[in-house]
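Beneath this line is the structure, given in structure tokens, with notes to follow.
Computed from heavy atoms alone, side chains included, the values below leave out hydrogens, waters and symmetry copies. Residues take their numbers from the sequence shown, with the count starting at 1.
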Amino acid sequence: MDPKQKFEELRNNAKKDLENFSDCLQELILLRNKYLAKKGLIPLMMNNIKDVEDKKAFGELYNSCKNEVEALFNAKISELEAKKLNEELKKEKIDITLPGNNYDRGVANPFYKVINEIEDIFLGMGYSIETGPEVDFDKYVFELLNIPHDHPARDMQDTLYIDNNLLLRSHTSSVQAHVMEKAKGKPIKIICPGKTYRRDNDDMTHSHQFAQVEGLVIDKNINLGNLKATLELFAQKMFSKDTKVRFRSSFFPFTEPSVEVDISCFNCKGKGCNICKGTGWIEILGAGMVHPNVLRMSGYDPEVYSGFAFGIGIERVTMLKYGILDIRKFYQSDLKFIAEFKKVVEE
């Protein structure tokens, strides 16, 4: 048979097979292989080229037939793939009239918001943040802080002991003792936020676990005026710019002199209300000048260096700032409680 007629016949047969073909993609691929695979009907025609005189004309006929049949099959395959995709899209069609899923935006617990605020305030004053172990040795929790063995803080009713030398820290002042030991007589300006533990009955205003931020500054020529200015700036940034600070004499074994620190009531501006119990003042923290014995035990010469320390109860500040009455709410993972402060916290 003339090569031209043979190629024309192959071309026509491929068209007829495609016309009678079902919509099965796998069967279409098998049919395509029948004509175009390595041993398909069209490639096998090349075996006859050795018997043809005009090989160039034969090659042109071969390429023309192969390209045309290949284009027919590719078009059909693309058509079936598009049809399959449309069917899948119809199955996955989304009904936009259905109500959507609403996700509530998370809200920061006011307790942690206050911690972040306190840290930001003191970082802005040039302090660095230090942390330490919650389970610590007697040496750091008591001895290096000038707390003698007969001090009430060592009593089992206050402190949670693991053994005679190991305990759950009852204040974050233990971190200050670690930092002073490592500083080896160099200046210090730090705050130490963290959890503390004491043997206490849980009620609305007390908890066996609570949090503190304690501060420590040691350098040359540090005085009580520096302490008051620092705490006054802190109070104004935390509560209001009109807040005033008042010192009252007190006693702590690790400071001398020691003071209880009150702030003017941010609610009534000193006139007297239920928050300040009619006094116009709110007790907020304890502070004082670092005791010479504490300086001496940590390698500082009290004739050259001085310093001040303060301790802030985070729950206390948070309860005052947001009007929370029950300290236990901070630790109960109650989403309803958190939701109450959504607007307040975001502001």
Within 6.0 Å of CD in Glu88, more than 12 heavy atoms from elsewhere: yes

Mind checking whether Phe310 and Phe252 have ring centres under 6.0 Å apart? no

Measure up the Phe234 and Phe122 rings against each other and bin them: parallel (under 30°), tilted (30 to 60°), perpendicular (over 60°). parallel

For Lys189 and Met125, indicate whether the former's side chain and the latter's backbone hold a donor-acceptor pair under 3.5 Å. yes

Let's go through Glu283 and Lys277 carefully: what are the C-alpha distance in whole Å and the side-chain angles of both, what is the deciding distance for salt bridge (Lys or Arg N to Asp or Glu O under 4.0 Å) to 0.1 Å, and is it a yes or a no? CA-CA 11 Å; Glu283 182 181 331; Lys277 299 179 181 179; over 6 Å; no

Is the side chain of Lys15 donor-acceptor paired with the backbone N or O of Leu72 at a distance under 3.5 Å, no angle test? no

Only one of Glu181, Gln176, Arg169 passes side chain to side chain donor-acceptor pair (under 3.5 Å) with Tyr140, and that residue is Glu181

Check: Lys186 main-chain N/O paired with Tyr300 side-chain donor or acceptor under 3.5 Å: yes

Under 3.5 Å donor-acceptor, Arg248 side chain and Glu260 backbone: no

So Tyr322 and Phe111, ring-ring contact (aromatic ring centres under 6.0 Å, His included) or not? Walk me through it. CA-CA 10 Å; Tyr322 294 109; Phe111 173 79; over 10 Å; no

Do the side chains of Glu117 and Lys113 get close enough for a salt bridge, i.e. N-O under 4.0 angstrom? yes

Do any N or O atoms from the side chain of Thr172 and from the backbone of Val213 form a donor-acceptor pair under 3.5 angstrom? no

Salt bridge or not for Glu81 and Lys84, using N-O below 4.0 Å? no

Where do Leu167 and Phe137 come nearest, in terms of heavy atoms and distance? CD2-C, 4.1 Å

